[in-house]
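As structure tokens, the structure follows; a few thoughts come after it.
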Amino acid sequence: MQFLDKVYGAAKERQARVVFPEAEDARVAQAMVRLKAEGLCVPLGLGEVSEAQVGVLVAARGMKEAMARRLLAKPLYRAASMVAAGEADAMVAGADSPTRRVIEAASMAIGPAEGVATASSFFVMLFADGREMVFADCAVNVAPSVNELADIARASAASAKALLGRAEVAMLSFSTGTSGTGESVERVRKAAELAGFTGPVQADAALNAAIAKRKGLGGGRANVLIFPSLDAGNIAYKLCQELGGVQALGPFLQGFARPVCDLSRGASIDDIVSAAAVSAAMS
């Protein structure tokens, strides 16, 4: 079964309530109609400000009620607060908002997932040979620290388990094991030790069991690749797209207590439908 077929099936079964703070955008409005018609989720526009939403911001951030109400006048904050208050299960935004604003609202209202302090992103990469992989972080963190890289790995493992059913994580570098040195290698090594995953490891050893064995590793069947920098991650996923004909779905945000999706501002109606279905399946 193809990845999107599995995701759509899970979304139809879960019937998650997905809030769209940019429902006035024509693309989003049409996607919401399709999502409802195809039974992929229960699409929601912004409701009225509720006492539960106010309570979330007051309790979570210790802000005064007047400040909370001012924030809730902003669509992204109201949508995120609807999720945090249990009035929605997931949020899909970004069609008309920059990534940093989506992250700010989700961080303020929804907060981080347990054991994770860093918001990040991932792509689901669908290869012609049937392989399905998670690449991270390819869109948010430019030069992650040791702790941030460990957070990205933990969040990516959770995303892969939710969407792909398994997570074998490889934290990539230009060096495998102790064969090389340098600031980036040491950063990946420390992050891998902190998160409890394989690394540093070169991409071929992460993906090819025979090469992994020659380099003194087990595994070689990674389906989650963690890149040491945004440069590496963004370049890798775009090369896969352009040279390998790989389908890249995303970026999806991760590291939050509830699902949050950040759309590209150039997203098509089909993109929005797929993104909402993935968010619904993860809820």
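Of the possible donor and acceptor atoms, none in the side chain of Ser121 sits under 3.5 Å from a partner among the backbone N and O of Pro251. A distance-only check finds no donor-acceptor pair linking the side chain of Glu132 to the backbone of Leu126 [under 3.5 Å]. Side chain of Ser81 to backbone of Ala109: no donor-acceptor contact under 3.5 angstrom is found.
For the atom pair CZ (Arg34) and SG (Cys41), the distance works out to 11.5 Å, reported to the nearest 0.5 Å. Rounding to the nearest 0.5 Å places CE of Met32 at 12.0 Å from CD of Gln30. Between Ile211 atom CD1 and Thr176 atom OG1 the span is 9.5 Å, to the nearest 0.5 Å. How far CG of Leu207 is from CG of Asn223: 10.0 Å, rounded to the nearest 0.5 Å.
The salt bridge (charged side-chain N to carboxylate O under 4.0 Å, His left out) contacts involving residues 14-24 comprise Arg17-Asp89, where partners must be two or more places apart or lie in separate chains. Applying the side-chain hydrogen bond (donor to acceptor under 3.5 Å, both in side chains) test to pairs two or more places apart or on separate chains, those with a residue in residues 154-168 are Asp151-Arg154, Ser156-Gln254, Ser159-Gln254.
Thr118 places none of its side-chain heavy atoms less than 4.5 Å from the side chain of Val140. Counting only heavy atoms from C-beta outward, the side chains of Leu172 and Val188 never approach each other to under 4.5 Å. You'll find the side chain of Val19 reaches within 4.5 Å of the side chain of Val83, heavy atoms only. Using a 4.5 Å heavy-atom threshold, the side chains of Arg69 and Val54 count as touching. The shortest distance between side-chain heavy atoms of Phe252 and Leu163 does not fall below 4.5 Å. The side-chain heavy atoms of Leu4 and Leu249, taken from C-beta on, include a pair separated by under 4.5 Å.
Listed by chain and number, the residues in a side chain to side chain contact (heavy atoms under 4.5 Å, CB included) with Ala66 are Arg70 (sequence neighbours excluded). Evaluation of the side-chain hydrogen bond (donor to acceptor under 3.5 Å, both in side chains) rule for Asn141 yields Asp137 as partners, not counting sequence neighbours. Judged as a side chain to side chain contact (heavy atoms under 4.5 Å, CB included), and not counting sequence neighbours, the contacts of Met63 are Leu57, Arg61, Met67, Ala68, Leu71, Met108. Not a single side-chain hydrogen bond (donor to acceptor under 3.5 Å, both in side chains) links Tyr77 to another residue, sequence neighbours left out. With sequence neighbours excluded, the residues forming a side-chain hydrogen bond (donor to acceptor under 3.5 Å, both in side chains) with Ser274 are Tyr8, listed by chain and number. Residues meeting the side chain to side chain contact (heavy atoms under 4.5 Å, CB included) test with Pro21, sequence neighbours left out: Leu46, Pro75, Leu76, Ala79, Met91, Ala93. Residues forming a side chain to side chain contact (heavy atoms under 4.5 Å, CB included) with Ala157 (at least two apart in sequence, or on another chain): Ala167, Val169, Phe197. Not counting sequence neighbours, Asn208 has no partner by the side-chain hydrogen bond (donor to acceptor under 3.5 Å, both in side chains) test.
Taken together through direct or relayed side-chain contacts under 4.5 Å among Ile, Leu, Val, Met, Phe, Trp and Tyr, Val124 and Leu40 form part of one hydrophobic cluster. Val56 and Met82 are members of different hydrophobic clusters when ILVMFWY side chains are connected at heavy-atom separations under 4.5 Å. A chain of hydrophobic side-chain contacts below 4.5 Å, direct or via other Ile, Leu, Val, Met, Phe, Trp or Tyr residues, connects Leu225 to Phe127. Residue Val18 is grouped with residue Val273 when hydrophobic side chains (ILVMFWY) are merged at heavy-atom distances under 4.5 angstrom, including chains of intermediate members. Placement of Met133 and Met171 in two distinct hydrophobic clusters is found when ILVMFWY residues are connected by side-chain heavy-atom separations under 4.5 Å, directly or transitively.
The two residues Ile152 and Ala136 make their nearest non-hydrogen contact at CG2-CB, 4.0 Å. The two residues Ala80 and Ile110 come nearest to each other via the heavy atoms O-CG1, 3.4 Å. Ile269 and Arg27 make their closest contact through CG1-O, 3.8 Å (heavy atoms, listed as atom of the first residue, atom of the second, distance). Nearest heavy-atom pair, Pro112 versus Ala117, reported as atom, atom and distance to 0.1 Å: CB-CA, 4.5 Å. Between Pro144 and Leu149, the shortest heavy-atom distance links the atoms CG-CD1, 3.7 Å. Residue Leu217 comes nearest to Ala205 through the heavy atom pair CD1-CB, 4.3 Å, listed as atom of the first residue, atom of the second, then distance.
Heavy-atom contacts from other residues, nucleotides or ligands closer than 6.0 Å to CD of Glu183 number more than 12.
Looking at Arg189 and Glu186, a side-chain N of the basic residue comes within less than 4.0 Å of a carboxylate O on the acidic one, giving a salt bridge. No salt bridge links Glu48 with Arg78; every basic N to acidic carboxylate O contact stays at or beyond 4.0 Å.
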Taking only distance into account, with no hydrogens and no angle test, what donor-acceptor pairs under 3.5 Å do side-chain atoms of residues 226-248 form with protein atoms, sequence neighbours excluded?
residue: Ser229; atom: OG; partner: Ala232; partner atom: N; Å: 3.2
residue: Asn234; atom: ND2; partner: Cys138; partner atom: O; Å: 3.0

Show every donor-acceptor pair shorter than 3.5 Å between a side-chain atom in residues 255-264 and any protein atom, with sequence neighbours excluded, or say none if there are none.
residue: Asp262; atom: OD2; partner: Thr99; partner atom: OG1; Å: 2.5
residue: Ser264; atom: OG; partner: Gly266; partner atom: N; Å: 3.1

Test log, rule salt bridge (charged side-chain N to carboxylate O under 4.0 Å, His left out), inputs Lys215 and Asp204
CA-CA 10 Å; Lys215 295 189 176 185; Asp204 55 355; 3.5 Å; yes
Could you go through the salt bridge (charged side-chain N to carboxylate O under 4.0 Å, His left out) check for Glu193 and Lys190 one step at a time?
CA-CA 5 Å; Glu193 291 172 356; Lys190 291 176 182 177; over 6 Å; no
